[in-house]
Amino acid sequence: MKILSAIKILSGLVILFSLASPVFAQNRQKIQKQFDAWAKSDLWPEANNRGISAKTFNRAIIGLELQLKLPDLVIPGAKLPKKRAQSQSEFRGPAAYFSEGNLKSQARTGRVLLRKWSKTLKKIEKRYGVPGGILIAIWGRESAFGNAKIPYSAIQVLATKAFMSTRKELFREELLSALIIVQRDRLNGSELKGSWAGALGQPQFMPSSFLKYAVDFDGDGKKDIWNSVPDTLASMANYLSQNGWSPKRRWGFEVRIPGHISCAMEGPDRARKTGEWEKDGIRRITGKPFPASRTLNKTMMLVPAGRFGPHFIVTDNFYVIKKYNNSDLYALFVGNLADRISLGAGPFKTSWQKQPKMLRSQIARMQRKLEKQGYDVGGADGLPGFRTRRSIGEWQIGEGRKSTCFPDLKLIRELK
Ligand SMILES: [Ca+2]
């Protein structure tokens, strides 16, 4: 799921284009022939082993027309392209992610839907322990509350990617799962609609997640995450519940971290009790106390923009949201949107400071430099995840500086 979530976060944003499409167009017939041969000799034996019938397979795969306009395709048999240089790709900071206009409008729609589906949501919370606000927020984020167009045939997308993409193995697994769905749920292959990455329906589940988590909540006998709102919301709740959601627990709190406390104490592997954070002087930004609950024995510091933005103390539930989509900003967005929908909350009290433009290649270079000095940056990928942020903080402290726990142009110059 983890690798796919990176695709998922982009699925709503990416404009489809294909660099190599003229090449594919010239070779369409040849590629199509190769696909048919591959489907029969390579894919079919494995599908058959997994219990997929010849009838299902032939109907869904044989004669299938490839979708050659997808990104990340390679000519079959050709060498994988070298990883595209990231030198020109800009690092988009948190400020861009939290558009206030977008959040406000989603919260407005979300509150209407929370009322409209309140009976269903109560039943869902009773069964799975996940509150309505969180579900409505994820629904909004994944498919604009079911309004986003989900235009592709998932089988067509997944078959194309399993045959000729840069990550064939991953998509092959998902294709086999999709065929099991078609067979088991008696859906016609063409009805299995997904995104350009093969994520299905309103919750944007990859097929393997559909098999694990989709439920029929309205009782019509179908797990219909395309058309049924109760099935959609309950399937998301089941996903979160099975991934460890704790009922009656917030996702987290915006806090103020005093200057003398190091921002390098963040991370899911550095949990403490809320009482310990409080002892150090960390307070909720509202001035209210943390809920006095034994469930808050394990809370984590989170500073997605280091000292250049709001600070948080989060619970395990924050990391359960991240299992839906592996990004701190995604989980924060969902948490804040849920609070706006069900608690009448507004934007974070501390704003995200806009930073001068940084390139991912510059950040990656800084990460490699830190790695050379023995710091764990979680991989030099040009993205400042929590391991990179706290390594920056620790490096700064080691140099006798004030820790900011976030890259900036000056730091990039100094860590060349
Ligand atoms: Ca149903």
Side-chain angles (χ1 to χ4, degrees), residues 9 12-13 92-118 121 125 130-145 147-148 233 236 240 245 248-258 263 266 274 277-278 281-293 296 299-322 324-325 327-355 406:
I9 193 171
L13 309 169
R92 292 181 79 231
Y97 200 94
F98 287 83
S99 145
E100 183 55 22
N102 176 24
L103 271 156
K104 255 191 189 153
S105 107
Q106 290 213 39
R108 220 170 11 243
T109 310
R111 281 191 289 272
V112 173
L113 292 168
L114 187 75
R115 276 195 299 276
K116 181 175 173 189
W117 294 100
S118 66
L121 287 166
E125 184 168 6
V130 185
I134 291 284
L135 299 175
I136 298 277
I138 293 179
W139 189 27
R141 184 74 211 171
E142 292 297 332
S143 61
F145 312 106
N147 291 313
L233 295 172
M236 295 191 303
L240 296 174
W245 184 272
K248 300 196 190 312
R249 189 183 298 179
R250 299 272 300 267
W251 60 270
F253 310 90
E254 188 184 350
V255 297
R256 182 168 287 122
I257 302 176
C263 50
E266 80 161 317
T274 46
W277 298 116
E278 271 183 313
I282 293 175
R283 297 284 179 271
R284 285 178 69 184
I285 203 113
T286 55
K288 288 180 195 162
F290 289 105
S293 160
L296 292 176
T299 53
M300 284 66 73
M301 180 192 284
L302 176 84
V303 288
R307 285 277 175 192
F308 306 112
H311 310 142
F312 304 91
I313 294 293
V314 297
T315 71
D316 272 348
N317 279 347
F318 178 85
Y319 293 98
V320 176
I321 301 173
K322 273 188 78 173
Y324 206 97
N325 201 327
S327 147
D328 282 343
L329 297 183
Y330 174 90
L332 262 186
F333 187 101
V334 164
N336 179 244
L337 182 54
D339 287 354
R340 290 176 191 238
I341 290 168
S342 51
L343 305 175
F348 298 128
K349 298 276 189 279
T350 308
S351 53
W352 306 96
Q353 287 175 36
K354 284 220 170 101
Q355 296 261 45
F406 206 71

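Along the sequence shown, residues carry numbers from 1.
In this structure, the side chain of Thr315 engages the main chain of Arg250 through a donor-acceptor pair within 3.5 Å. Remark: side-chain polar atoms of Asn336 are paired, donor with acceptor, to backbone N or O of Gly346 under 3.5 angstrom. Here the side chain of Trp117 pairs no donor or acceptor atom with the backbone of Leu233 at under 3.5 angstrom. Listed for the Trp352 side chain is no donor-acceptor partner under 3.5 Å among the backbone atoms of Pro94. Arg111 contributes a side-chain N or O that, together with a main-chain N or O of Arg340, makes up a donor-acceptor pair within less than 3.5 Å.
For Gly133 against Ser342, the heavy-atom pair with the smallest separation is CA-OG, 4.1 Å. Residues Lys349 and Ile285 come closest through the heavy atom pair CG-CG2, 3.7 Å. Across every non-hydrogen atom of Arg283 and Glu278, the tightest pair is NH1-O, 2.9 Å. Heavy-atom minimum distance, Pro258 versus Gly281: CG-O, 3.3 Å. Of all the heavy atoms in Pro310 and Ser351, the pair that sits closest is CD-O, 3.8 Å. The minimum heavy-atom distance between Trp251 and Gly335, with the atom names listed, is NE1-O, 3.2 Å.
Counting heavy atoms from C-beta outward, Arg307 and Gln353 have side chains that stay 4.5 Å or more apart. Between Phe406 and Val303, every side-chain heavy-atom pair lies at or beyond the 4.5 Å cut-off. When side chains are defined from C-beta on, Glu142 counts as touching Asn325, because their heavy atoms get closer than 4.5 Å. Counting heavy atoms from C-beta outward, Thr350 and His311 have side chains that stay 4.5 Å or more apart. Proximity of Phe312 to Pro304: side-chain heavy atoms (C-beta onward) are separated by under 4.5 Å at one or more points. Side-chain atoms of Pro347 and Glu254, non-hydrogen and from C-beta on, never get closer than 4.5 Å to each other. Side-chain contact check for Thr299 versus Phe290: every heavy-atom pair is 4.5 Å or farther apart.
Using a 30° and 60° split on the angle between ring planes, Phe333 and Phe98 fall in the tilted class, from 30° to 60°.
The residue from Asn317, Asp328, Leu332, Val314 that alone fulfils the side-chain contact (heavy atoms from CB on, under 4.5 Å) condition with Lys322 is Asp328.
Rounded to the nearest 0.5 Å, atoms CG (Leu103) and CZ (Phe348) are 8.0 Å apart. Remark: Thr274 OG1 to Phe253 CZ distance equals 8.0 Å, nearest 0.5 Å. Once rounded to the nearest 0.5 Å, the distance linking CE of Met300 with CH2 of Trp277 reads 9.0 Å. Atom CD1 in Ile313 sits 6.0 Å away from atom CD1 in Ile257 (nearest 0.5 Å). Between Ile321 atom CD1 and Tyr330 atom OH the span is 8.0 Å, to the nearest 0.5 Å. With rounding to the nearest 0.5 angstrom, the CZ atom of Arg115 is 9.5 Å from the CG atom of Leu113.
Annotation for Arg256: atom CZ does not count as buried by contact number, only 12 or fewer foreign heavy atoms lying within 6.0 Å.
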